[in-house]
Amino acid sequence: MHELSIVTHVAKTLDELAEENHLEKIGSVTLQVGEVSGIVTDYFIDCWNYFKRKDPLIEEAELKLEEIKAVTFCEDCKQEYETVRYGRICPYCHSEHTYLVTGNECIIKEIEAEERKEEKKETCE
Amino acid sequence: MKVIELHKSVTASNDRDAQVLRDELKEKGVFFVNLMSAAGSGKTTLLLKTIEDLREEYKIAVLEADIEADVDALKIEEGGARSIQVHTDGMCHMDAGMTRTGLEEMGLEGMDLVFLENIGNLICPAEYDTGASKNVMILSVPEGDDKPLKYPLMFQNSDVLLVTKIDVLPYFNFDMKKMQERVRFLNPDIRIIPVSAKKGEGMKEWEDWLREQIALWKAPHA
């Protein structure tokens, strides 16, 4: 359910982008997904394949997913560590004063697209 | 094919829509509260009590978001506030676009205070800005004091935490102090108000917070 709504947000952003840049077809979409973003990639791919048929702009688009590793920084000992392995507590000094540096993202990195062939030269008014 | 680099968060378009909605509500002087919690935490009971206490002072409305059914909306109407039911058709949260559609359908003319009773879950509603003036979450005593550990984002993104059903504290192993420490660790600025909508305890503090925030919201460009 959650994955589907993210797909609809991605599609909306792409529709707007296509409008601004006079794009006809999108060939591929590259998304960067954080390791602890809460997105289940298998579900996400299913949702993408379901939804893209409803939108002519992206119906042939290939989805490329790149993972961003989750990294946490410790404010006390100033070291970074793997979030998934150690959680909130710093493995070096056992401090709780830590924060997530990367890993929570869901970013549209880039797209490949074809532009509309006939650009309207003259404008109204 | 040409390559366009975006580097844009997927929620960017929602964040922008939410900000536009928030600005419009500020212009109209409508204070809009996004109320989030798990299912069965007592959101509707709390709202009914709040409406009963404040309906002489403010014009209040409630946007009820549920996957199905309209039992909550009917209860709110009986309680004396305008209400509209939004069905999300399986979606687990409200976003800014759905919220706008619901508010426009309901009508905001003359409204002072509008609540969004968000879908009952502690996960996705925290990730989507609805355009609310403030985010308020509910944790009820029976849910347990460990919830901040399990659903940190919800606690991080809320301005107020209402701890409801405190009248049943003697029957549960709920450590209020430990829970508060866990919450403050995630969000040092959050206002924590323990309440019992049934017995009335803490309701004055919650309602005074609303009064204060409504006054600030209605002040011209504060």
Side-chain angles (χ1 to χ4, degrees), chain A residues 1-34 36-39 44 47-48 60-62 64-66 68 87-89 95-100 104-116, chain B residues 1-18 20 65-68 87-100 118-130 146 148-157 178 181-188:
Chain A
M1 290 191 290
H2 183 66
E3 280 70 15
L4 181 59
S5 72
I6 296 168
V7 168
T8 64
H9 281 288
V10 172
K12 192 179 166 212
T13 304
L14 295 178
D15 284 339
E16 288 169 1
L17 184 80
E19 192 61 37
E20 284 163 23
N21 294 283
H22 310 286
L23 306 176
E24 177 141 51
K25 281 271 172 208
I26 292 180
S28 77
V29 179
T30 308
L31 282 189
Q32 293 176 307
V33 178
V36 294
S37 65
I39 294 169
F44 192 87
C47 291
W48 174 263
E60 288 158 31
E62 182 197 347
K64 298 176 185 171
L65 295 175
E66 293 177 4
I68 299 178
R88 290 195 70 101
I89 311 287
S95 163
E96 286 189 350
H97 300 125
T98 60
Y99 62 86
L100 191 68
N104 197 25
E105 306 80 352
C106 182
I107 297 166
I108 309 173
K109 185 186 173 195
E110 61 183 29
I111 62 164
E112 286 176 283
E114 257 168 47
E115 287 175 291
R116 246 176 257 153
Chain B
M1 287 268 173
K2 77 171 188 179
V3 174
I4 302 177
E5 291 190 20
L6 272 101
H7 299 287
K8 200 172 176 184
S9 163
V10 295
T11 52
S13 72
N14 184 63
D15 291 348
R16 196 196 49 220
D17 292 350
V20 171
D66 276 302
I67 290 175
E68 282 184 44
H87 285 167
T88 58
D89 286 330
M91 290 283 228
C92 46
H93 63 269
M94 290 285 285
D95 65 19
M98 290 151 86
T99 304
R100 171 184 289 280
N118 213 319
I119 304 279
N121 97 54
L122 292 179
I123 309 162
C124 347
E127 293 180 27
Y128 286 87
D129 190 344
T130 57
D146 59 347
L149 303 173
K150 295 187 176 179
Y151 307 102
L153 190 65
M154 179 63 76
F155 291 85
Q156 272 162 20
N157 290 354
K178 203 175 254 172
E181 279 167 16
R182 286 169 178 157
V183 174
R184 295 216 186 278
F185 175 62
L186 296 167
N187 181 353

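In what follows, chains are A, B, ... by sequence order, proteins preceding strands, each numbered from 1.
Proximity to chain B involves both the backbone and the side chain of A/Glu114, based on heavy atoms less than 4.5 angstrom apart. Interface remark: A/Glu96 contributes backbone and side-chain atoms alike to the contact with chain B (heavy atom separation under 4.5 Å). In this structure, chain A has no heavy atom under 4.5 Å from any part of B/Asn121.
Between B/His93 and B/Met98, the closest heavy-atom pair is O-CE, 3.7 Å.
Contact annotation for residues 23-31 of chain A against chain B (heavy-atom separation below 4.5 Å, listed by residue number): A/Leu23, A/Gly27, A/Leu31.
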Under the salt bridge (Lys or Arg N to Asp or Glu O under 4.0 Å) rule, what do B/Asp17 and A/Lys12 come out as? Steps first, then yes or no, please.
CA-CA 12 Å; B/Asp17 292 350; A/Lys12 192 179 166 212; 2.5 Å; yes
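Taking the six-membered ring where tryptophan is involved, the planes of B/Phe185 and A/His97 are tilted, since the angle between them lies from 30° to 60°.
Partners of A/Lys109 under the side-chain hydrogen bond (donor to acceptor under 3.5 Å, both in side chains) rule, at least two apart in sequence or in another chain, are A/Glu66. Scanning for side-chain hydrogen bond (donor to acceptor under 3.5 Å, both in side chains) contacts around A/Ser37 gives an empty result, with sequence neighbours left out. When the side chain to side chain contact (heavy atoms under 4.5 Å, CB included) test is applied to B/Leu186, the partners found at least two apart in sequence or on another chain are A/Arg88, B/Pro148, B/Pro152, B/Phe155, B/Gln156.
We find the NZ-CD1 distance between B/Lys2 and A/Ile111 to be 8.5 Å, quoted to the nearest 0.5 Å.
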